Amino acid sequence: MAVTGEPAPVTRATAERVFLIVLMAGSSALFYEALNYPRASFAFPGAILVLLFGCSVAALLRGRRRPAAGAEAAFFDHPSRFALALLLLVAYTAVLETVGYFTTGFAMIVLLPVMLGYREWRVILSTAAIYLLFVWLVFHVIFQREMARDFFLPWILGY
Amino acid sequence: MFESLVAAIPGVFAWKSVLGMLIGMSAGLMIGALPGLTVVTGIALLIPLTFGIDPLVALGLMAGMYNGGSYGGAITAILLRIPGTPASVATVFDGYPMAQRGEAAYALQVAVVSGTVGSVLSAIALILLAPPLAQVTLLFGPAEYFWVAMFGMAVVSMLLGDEPIKGVIAACLGLLIGTVGLDQVSGTERFVFDSIDLLDGFSILTLLTGLYGVPPVLMMAEKAAKRGMSGDLLKLRRVRSVFAEWTRYVRIWVRSSVIGIVIGILPGAAGAMTSIIAWNDAKATAKDPESFGKGNPEGVAASECGNGADNAAAMIPALTLGVPGSGVAAVILGGLLVHGLRPGPQLFHDHPDIVYGFLIQMLVTACLLIVMGGLIATRVFGQVLRLPPIVLAPLIFLMAVVGVYGIHVTIFDVWVMLAVGVVSYTMDKLNFPTAPVVLGLLLGPMAERELRIALSVSRGDVGVLFSSVTAWIVIVLTIAVFMSPWIRDWWRRRESLRAA
């Protein structure tokens with residue numbers, strides 16, 4: 001038997017099973033938590049949690065008995081790209097308040113396409129400039145919307 | 001009703017409201033045209049940005065985006081054979097063959113005129129039908145409202161997806177998220193886990209943006225398409241005029257509009273199926289049905305007219321009962337609640353200037369479509385299609401952050417948006433519908449509150465829930481909706497047995 005070394009892709013059926021098991025575990029844990037509430041406050045979420053658990057079990061059994069069309073198809077179109085994009089979104093959110101909206105925004109517009117293999121610098125940089133100028137003018141200047149305060153920009157622009 | 005409509009006109013034509021409608025329509029045309037982005041995504045991204053703006057301006061933006069986005073999907077359907085929105089699937093059938101024959105400009109013109117006709121008739125239906133229907137709901141008490149909430153969730157859970165059980169699970173998730181925070185009756189903390197951020201529950205704006213704004217970003221990144229549309233496709237030249245041939249289309253416009261309005265009013269039925277049913281009807285009643293699917297402009301007219309006609313009509317059950325006719329209407333309901341407007345008869349009574357203003361805005365934006373969706377505008381707004389999706393993806397996420405961060409000025413909301421986005425992406429991939437989550441969020445608190453009021457008034461007697469004819473009508477309808485998948489299966493088996 002040939003060994004390719006590549007891991008088998010996660011199928012939709014597997015992902016659905018995992019999702020439903022997470023729902024079952026989550027609804028059980030929340031039900032246990034809700035038992036601490038007074039009866040009137042418990043009744044509504046308690047009923048929903050029982051229904052959620054029951055439907056998750058039913059969907060799980062149904063999926064095993066009658067797999068849906070495309071159940072064996074891969075869940076991710078491109079797992080590494082997905083992981084890269086998600087990692088970047090998480091990193092962006094983690095530093096947003098420290099670094100500020102415009103600096104992280106610029107980094108995001110440049111990094112995401114570049115990390116995914118796009119190299120048209122003229123398009124990337126002009127898009128970044130136009131987009132950030134638009135947001136600055138419309139949301140910062142006109143609507144005075146609160147945005148994560150920039151750490152570097154005041155230092156660079158001298159204000 | 002007539003006085004209220006007249007009184008709302010000055011507000012609708014105030015410059016800020018007009019500007020809102022124009023901006024909303026421009027954004028809608030672009031978002032509708034971009035494959036992978038739907039009107040629901042556009043409105044979900046828009047709502048947080050309207051936070052703090054005059055409600056009528058905010059609703060003008062939403063009305064513009066709704067009608068604009070509905071037509072925007074036709075641009076790529078005709079030029080690229082890619083429906084910009086699910087509702088423009090049927091436009092591909094005849095629109096793309098026309099473009100292949102060099103009639104792209106004419107196909108776009110047929111699409112915009114037909115879409116305008118459908119949207120205008122639908123807006124007129126909304127204006128005529130919504131206020132009287134709202135009066136009927138004055139008969140409702142807490143028990144009836146509880147059942148209406150159940151009916152709304154049954155409709156959206158059972159009818160919006162392929163698998164009803166997944167719809168129910170999605171609705172449960174929405175209902176559950178709606179219970180987080182202080183219990184509105186007793187003040188008990190529920191699922192707060194000592195977090196101050198959770199004390200007021202989750203912001204509906206954050207949840208909507210996460211549900212609809214984040215998944216397209218992840219999907220675009222996964223596909224990593226590096227090419228936008230060629231600019232040559234946007235060099236359109238007018239050769240024929242729909243207006244000179246209007247008699248050819250009148251019959252189709254009338255039939256498709258009626259189909260769109262009726263389907264739009266039925267809760268949970270509106271959406272992609274309207275344009276397909278209208279196209280099928282046009283084909284079935286045509287003298288040359290064999291020409292459909294091969295570039296017959298009547299096919300484009302039927303699809304786009306039906307598509308436009310379900311827009312405003314889907315708002316009829318949404319505004320009067322709080323039961324949306326489509327996913328877009330569900331998100332607009334969320335937008336209304338954000339601006340302190342609760343659907344139902346009280347909405348028409350307490351805020352006539354705003355609700356009647358919104359009805360007129362739906363009509364005005366429907367009329368604006370013919371101006372802003374013309375060939376020149378298509379050339380202008382279509383430029384956004386030249387941007388590669390891989391570059392567009394971060395822009396969508398950053399715009400979502402602008403909206404969400406500004407609500408409470410806390411990074412917590414951005415984390416929630418991201419987490420909800422990942423769950424929503426998973427649900428999309430696994431064919432779990434997301435509209436029931438929104439409806440659970442919107443109707444859950446109402447269902448719980450009305451149930452507890454009804455029970456406290458009757459001193460705990462459950463019989464109060466079954467004590468009126470109105471309640472029974474809604475109960476029977478709810479049961480019928482829950483039974484509908486089995487009825488459908490039984491009907492199909494019966495038909496196949498008969499055919500055998």
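All chains are named by letter (A, B, ...) in the order of the sequence lines, taking the proteins before the strands, and each is independently numbered beginning at 1. Predicted model only: the values in this text are computed from it and were never measured. Below, each value reflects all heavy atoms present in this structure, side chains not excepted, and no hydrogens, waters or symmetry copies.
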Contact class of [X] relative to chain B, heavy atoms under 4.5 angstrom:
{"X": "A:L23", "result": "side chain"}
{"X": "A:F76", "result": "both"}
{"X": "A:Y118", "result": "both"}
{"X": "A:Y131", "result": "side chain"}
{"X": "A:A148", "result": "both"}
{"X": "A:R12", "result": "both"}
{"X": "A:F75", "result": "both"}
{"X": "A:L20", "result": "side chain"}
{"X": "A:R62", "result": "side chain"}
{"X": "A:A94", "result": "both"}
{"X": "A:F53", "result": "neither"}
{"X": "A:L112", "result": "side chain"}

- Would you please indicate yes or no on a ring centroid separation below 6.0 angstrom for B:F432 and A:F19?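 Yes, close enough.
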- Between A:F139 and A:Y101, is the ring centre distance below 6.0 Å?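 Between A:Y101 and A:F139, which both carry aromatic rings, the centre distance is not below 6.0 Å.
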- Message: For chain A, which candidate among B:L173, B:I407, B:I411 shows the most heavy-atom pairs at distances under 4.5 Å?
- Response: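 Maximum pair count with chain A is reached by B:I411.
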- Which one of B:M219, B:M417, B:K429, B:E189 has the most heavy-atom pairs closer than 4.5 Å to chain A?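 That would be B:K429.
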Under 4.5 Å from any heavy atom of chain A - which part of [X]:
{"X": "B:L387", "result": "side chain"}
{"X": "B:M427", "result": "side chain"}
{"X": "B:T179", "result": "side chain"}
{"X": "B:R190", "result": "both"}
{"X": "B:L175", "result": "both"}
{"X": "B:I53", "result": "side chain"}

Side-chain donor or acceptor of [X] paired with backbone N/O of [Y] under 3.5 Å:
{"X": "A:T11", "Y": "A:T14", "value": "yes"}
{"X": "A:D150", "Y": "A:T103", "value": "yes"}
{"X": "B:T426", "Y": "B:V422", "value": "yes"}
{"X": "A:T93", "Y": "A:L89", "value": "yes"}

Just so I understand: if I count every heavy-atom pair under 4.5 Å between each of [options] and chain B, which residue has the most?
{"options": "A:T127, A:V135, A:L111", "answer": "A:T127"}
{"options": "A:V90, A:V123, A:L84, A:I124", "answer": "A:V90"}
{"options": "A:A85, A:G54, A:A83, A:A40", "answer": "A:A40"}
{"options": "A:G26, A:G117, A:A13, A:A43", "answer": "A:G117"}
{"options": "A:E146, A:M108, A:E97", "answer": "A:E97"}

- Closest heavy-atom pair and its distance - B:V404, B:V414: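 That closest heavy-atom pairing would be CG1-N, 3.9 Å.
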- Minimum-distance pair of heavy atoms, taken over all atoms of B:L205 and B:T209: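 Here B:L205 and B:T209 meet closest at O-OG1, 2.6 Å.
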- Item | Interatomic spacing from CZ in A:F31 to CG in A:L52 - rounded to 0.5 Å |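 So the gap between those two atoms works out to 12.0 Å.
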- Query: To the nearest 0.5 Å, what is the distance between OH (A:Y32) and CG (A:L49)?
  - Reply: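 If I round to the nearest 0.5 Å, the distance is 15.0 Å.
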- Item | Trace of the side chain to side chain donor-acceptor pair (under 3.5 Å) decision for B:E222 with B:Y425 | CA-CA 12 Å; B:E222 253 192 302; B:Y425 164 89; 2.6 Å; yes
- Output, in order, the C-alpha distance, side-chain angles, deciding distance and verdict of side chain to side chain donor-acceptor pair (under 3.5 Å) for A:S41 and B:S186. CA-CA 7 Å; A:S41 297; B:S186 68; 2.9 Å; yes
- Message: Counting C-beta onward and ignoring hydrogens, is there a side-chain heavy-atom pair between B:F191 and A:P45 closer than 4.5 Å?
- Response: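 B:F191 reaches A:P45 side chain to side chain.
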- Message: I'd like to know if the side chain of B:T188 pairs up with that of B:D183 as donor and acceptor (distance under 3.5 Å, no hydrogens or angles considered).
- Response: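 No, because no side-chain N or O of B:T188 sits under 3.5 Å from a partner of the opposite role on B:D183.
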- Give the intermediate values and the outcome of side chain to side chain contact (heavy atoms under 4.5 Å, CB included) for residues B:Y212 and B:L45. CA-CA 8 Å; B:Y212 294 106; B:L45 286 172; over 6 Å; no
